[in-house]
K.L.:
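Pasting in a structure now, in structure tokens, and then I'll have a few things to ask.
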Number of protein chains: 2
Amino acid sequence: MQETLCQQTLYTDHMEDEVDRLVAAWRRERPDLDVEPLEVLSRVSRLARHLDRARRLAFSEHQLEPWEFDVLTSLRRAGAPYQLSPGQLLTQTLVTSGTMTNRIDRLTKKGLVERLPDPSDRRGVLVRLTPEGRDRADEALAGLLAQERAILAQLSRPQRAELAALLRRLTAPFDNVPG
Amino acid sequence: MQETLCQQTLYTDHMEDEVDRLVAAWRRERPDLDVEPLEVLSRVSRLARHLDRARRLAFSEHQLEPWEFDVLTSLRRAGAPYQLSPGQLLTQTLVTSGTMTNRIDRLTKKGLVERLPDPSDRRGVLVRLTPEGRDRADEALAGLLAQERAILAQLSRPQRAELAALLRRLTAPFDNVPG
DNA sequence: GAACTATATCTTGAGATCGAGATTCATGAT
DNA sequence: ATCATGAATCTCGATCTCAAGATATAGTTC
């Protein structure tokens, strides 16, 4: 079973992508450099951009922007009463504090979240999902999962698990240190 | 050798990351949904954002922004005479045409690229790297590769190859169809 | 309990991106 | 030749993001 997995992955399906062309170009132009790192990390960056575009399309059916989705779902999965501090939202969405203030302002105007004073820390604020915000998040999530499933159909289930495990080893250092 | 690879990957090093927490939260809040796709694609998106931040830092030593690096290196690896059409730059950098026009304007002002009329198509333009642009690209690339190597040190060489192959299967459909 | 240091959030201004539409030229059919 | 269609690039306005600094409050040490 594991051998099958590896053989599949390592030896079949050599359809080229832009990164193959990019790496080949570097090897021609700069044969003195080892560009192996690009094989992984350029693919990550490019795939993320493709995903952004696809998500923007998927969400437009629900009149949601990707950034709105990110904030609303962070609150949604926090569980009832669906509230987090702006600081917690920062670590989930990986944007700066100025950006988050702006996002909360706009979502408040749209009636999808509301700001409450933090009862235990007068410096702080809590952002809470409104019932409408919760519904919008749930709808959009279902759509996103359908789209992502289609993209991942290129891989078998064990391949997806393998991929997730390899990626985790790269993300964990970022997520677990001050970063 | 392959068995070793798989065993390592599948069974060791279970340091958690934000996506593990995110997936656990969804399974608690929405046990009716299958959120397995997030294990892969949320990691891709988040890792890309971490990489963006790291790149911005690495490039600041060379007074380059990530977007400048992307354009300059696209031209650099095209080989002498280091020129491409704006359209070719679009497919490499995955931005819109308005963005690319703006980028070329700014790089021209900085003296890193220049615009030439396309001799074979009077609608078209060619963007050419200046000698200084070429040097800046080469310097920054070396720095980037060093940084990326450090990030990838979490994985063995065969694991990196495996990861690249799995990612290729996801990027290839985007890169090879109209998209 | 006063002074410091650290934390949480917000404000601001500059810059970058996007989408839609306009412009200019190429290509192919009639 | 003329027209229609399509392609390549640019223009423009709105929006989004970031970085740096400002403000207010919490802890901590003496």
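Residue numbers start from 1 in every chain, and the chains themselves are labelled A, B, ... in the order their sequence lines are given, proteins ahead of strands.
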K.L.:
Is any side-chain N or O of A:R122 closer than 4.0 Å to OP1 or OP2 of D:dA26?
P.N.:
yes
K.L.:
Quick one: A:W67 CH2 to D:dT17 P, roughly how many Å, whole number?
P.N.:
7 Å
K.L.:
Tell me whether the count of non-hydrogen atoms from other residues, nucleotides or ligands lying under 6.0 Å of CZ in B:R21 goes above 12.
P.N.:
yes
K.L.:
Check whether A:E162 reaches the backbone of A:Q159 with its side chain - one donor and one acceptor, N or O, closer than 3.5 Å.
P.N.:
no
K.L.:
Just wondering, more than 12 heavy atoms not from A:R115 lying within 6.0 Å of its CZ?
P.N.:
yes
K.L.:
Grab the CG-P distance between B:D52 and D:dT17 for me, whole Å please.
P.N.:
13 Å
K.L.:
Mapping A:S120 and A:E65 to their closest nucleotides on DNA chain D, which lands nearer the 5' end?
P.N.:
A:E65
K.L.:
If I take atom CG in residue A:D70 and atom C1' in nucleotide D:dC16, what distance separates them, rounded to the nearest angstrom?
P.N.:
13 Å
K.L.:
Judged by modelled atom types alone, do B:R77 and B:Q92 share a side-chain donor-acceptor pair under 3.5 Å?
P.N.:
yes
K.L.:
Among residues 94-113 of chain B, which ones have heavy-atom contacts with DNA chain C below 4.0 Å?
P.N.:
B:V95, B:T96, B:G98, B:T99, B:N102, B:R103, B:R106
K.L.:
Do A:R123 and D:dA24 have a side chain to base donor-acceptor pair shorter than 3.5 Å?
P.N.:
no
K.L.:
May I ask you to test the A:D17-B:R169 pair for a side-chain heavy-atom distance under 4.5 Å?
P.N.:
no
K.L.:
Just by modelled atom types, is the A:L144 backbone N or O under 3.5 Å from a matching donor or acceptor in the A:Q147 side chain?
P.N.:
no
K.L.:
On DNA chain C, reading 5' to 3', which nucleotide is the first and which the last to sit with an atom under 4.0 Å from a heavy atom of chain B, could you check?
P.N.:
C:dA16 to C:dA26
K.L.:
Given that A:Q88 and A:R56 both sit by DNA chain C, which one's nearest nucleotide is further toward the 5' end?
P.N.:
A:Q88
K.L.:
Is it the case that the side chains of B:T99 and B:T96 hold a donor-acceptor pair, with the cut-off being a distance below 3.5 Å and no angle test?
P.N.:
yes
K.L.:
Expressed in angstrom and rounded to an integer, what is the separation of B:L90 atom CG from D:dA8 atom C1'?
P.N.:
9 Å
K.L.:
Can you give me the closest heavy-atom contact between B:P86 and B:V125, atom names plus distance?
P.N.:
CD-O, 3.2 Å
K.L.:
Just so I know, are the side chains of A:E39 and B:R168 near enough to count as touching, which here means a heavy-atom distance under 4.5 Å?
P.N.:
yes
K.L.:
Would one find a side-chain N or O of B:R49 under 4.0 angstrom from OP1 or OP2 of D:dC18?
P.N.:
yes
